[in-house]
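Accompanying notes for the structure given below.
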2 protein chains.
Amino acid sequence: MNAKAETAGPRERLLLAAENLLYSRGGSVGVSALLEEANVARRSLYEHFGGKDGLVAAVLRRTADEDLAWYESALGDGDSPRGRLLALFDRLDELVSNADFRGCRYLAIDLAFADQDHPAHAETDAYRGRIRALLVRELEALGHARPEHAAEQLHLLIEGTLVMGATQNHQHPARVARELAAVVLDG
Amino acid sequence: MNAKAETAGPRERLLLAAENLLYSRGGSVGVSALLEEANVARRSLYEHFGGKDGLVAAVLRRTADEDLAWYESALGDGDSPRGRLLALFDRLDELVSNADFRGCRYLAIDLAFADQDHPAHAETDAYRGRIRALLVRELEALGHARPEHAAEQLHLLIEGTLVMGATQNHQHPARVARELAAVVLDG
DNA sequence: TTGCCAGTAGATCGATCGGTCTATATGGTA
DNA sequence: TACCATATAGACCGATCGATCTACTGGCAA
């Protein structure tokens, strides 16, 4: 797939393969498919991650860092606090307009693993907490009167955008959400 | 489970059991679990629905009618067009606050069956089209200047509410969404 | 009474699941 | 050189998947 994937060790190759296949094929993707995509021996998966559950959790722990970094960069720089948050929805518009966008990875994983004890759920919870904290931080920088409340509103708009983008991607839900986000910021 | 389920025929019992188990256990629920819950012979499932895929699609065709009726009743009666749409979010607050609320059934099914040719996807598409039509109709009754645009905004708020309710149900996303819905109606 | 048919019960099929196992190869280090 | 950790390749395990099959039962209509 890329040069890094070919030279990296089996652990890294497995993480990359699982990151891709879990997203494109869903949580029901089989272990054999992951091994084939990663070009890794079956035993290596269980040595490094203990099993499929551990691999899934490890993937989410990694993508959480990546996705948080994406949100940070999507906020732009130098703009006003208000412009930063609005710019986020411009980047979301690009994201969900991509042909292979398939919705929020963390929601899909939560729905795929019905068992509440699955280690993936702890990772998705932590991810959402970090997203929320990021929004609160920006709203406080903006001097918003109710940063926690506004963060929940923005979070709902983001999640709604991702769902609409996954199910009706011919529209532009991020633009629709951006208008409402502007109301939140000024409220 | 209820009196109707015990006296009804195998087709009806299968639909009821699948409606419940597909929601509570997800699309990966096994055929044997469905048969046991419905107290139906294995052969009957394939006689009536041709297979698991057909049963899933039939369940969605039924729940679409039920859920559309729920939205119609949630709109209330006698109120103003504006009050009707706001009342919908009050009912959504009750819905997502329920302890066994697990999110939007149609989104979960879409994510569970990655194969684009699965007959369930046609049902979920049709369902969303009917929801959208309902919102447009109400917005036109309200005399909204941009009913299609506002319907997309309300739809996004509804989907966002369902996601937030499924993943962070200790909060009240429907109340948060209701405030933004009011903005949409007055915009 | 006879025949039909929808239903039940459950064995069985091939495929696939996640996971464990043995055997072998390789590369770095004592 | 000898050793050991880490990797690969792939057979193998029991369990479960969706689906097909035979055998039997009960009720209803001709």
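The chains referred to below are lettered A, B, ... by the order of the sequence lines, with proteins before strands, and numbering in each begins at 1.
Under a 3.5 Å cut-off, the side chain of A:His121 and the backbone N or O of A:Phe113 do form a donor-acceptor pair.
Near DNA chain C, meaning a heavy atom under 4.0 Å away, there are no residues from residues 56-63 of chain B. Listed in residue order, the members of residues 43-54 of chain B having a heavy atom less than 4.0 Å from DNA chain C are B:Arg43, B:Ser44, B:His48.
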Audit row: B:Val59, B:Tyr23, side-chain contact (heavy atoms from CB on, under 4.5 Å) steps and yes/no: CA-CA 11 Å; B:Val59 165; B:Tyr23 188 64; over 6 Å; no
Check against salt bridge (Lys or Arg N to Asp or Glu O under 4.0 Å), A:Arg130 and A:Asp67: CA-CA 10 Å; A:Arg130 293 172 70 183; A:Asp67 291 339; over 6 Å; no
Check against salt bridge (Lys or Arg N to Asp or Glu O under 4.0 Å), A:Arg146 and A:Glu152: CA-CA 10 Å; A:Arg146 302 173 65 194; A:Glu152 188 172 354; over 6 Å; no
Working for salt bridge (Lys or Arg N to Asp or Glu O under 4.0 Å), residues A:Glu140 and A:Arg137: CA-CA 5 Å; A:Glu140 287 175 343; A:Arg137 183 198 72 197; over 6 Å; no
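Between the CD atom of B:Glu36 and the C1' atom of D:dT16 there is a distance of 14 Å, given to the nearest Å. Between A:Leu34 atom CG and C:dG19 atom P there is a gap of 11 Å when expressed in whole angstrom units. At whole-Å resolution of the value, CG in A:Leu14 and P in D:dT6 are 16 Å apart. Going from atom CG of A:Leu55 over to atom P of C:dC17 covers 15 Å, rounded to whole Å.
The pair A:Asp93-A:Arg175 meets the salt-bridge criterion, with a side-chain N (NZ, NE, NH1 or NH2) lying under 4.0 Å from an Asp/Glu carboxylate O.
A donor-acceptor contact under 3.5 angstrom links the side-chain atoms of A:Arg42 to the base of C:dG19.
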Please list every donor-acceptor pair under 3.5 Å in which a side-chain atom of residues 38-51 of chain A meets a protein atom from a residue at least two apart or in another chain.
unit_1  : atom_1 : unit_2  : atom_2 : d
A:Arg42 : NH1    : A:Ser32 : OG     : 3.3
A:Arg43 : NE     : A:Glu47 : OE2    : 3.3

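Residues B:Tyr106 and B:Thr63 bring a donor and an acceptor atom of their side chains to less than 3.5 Å of each other.
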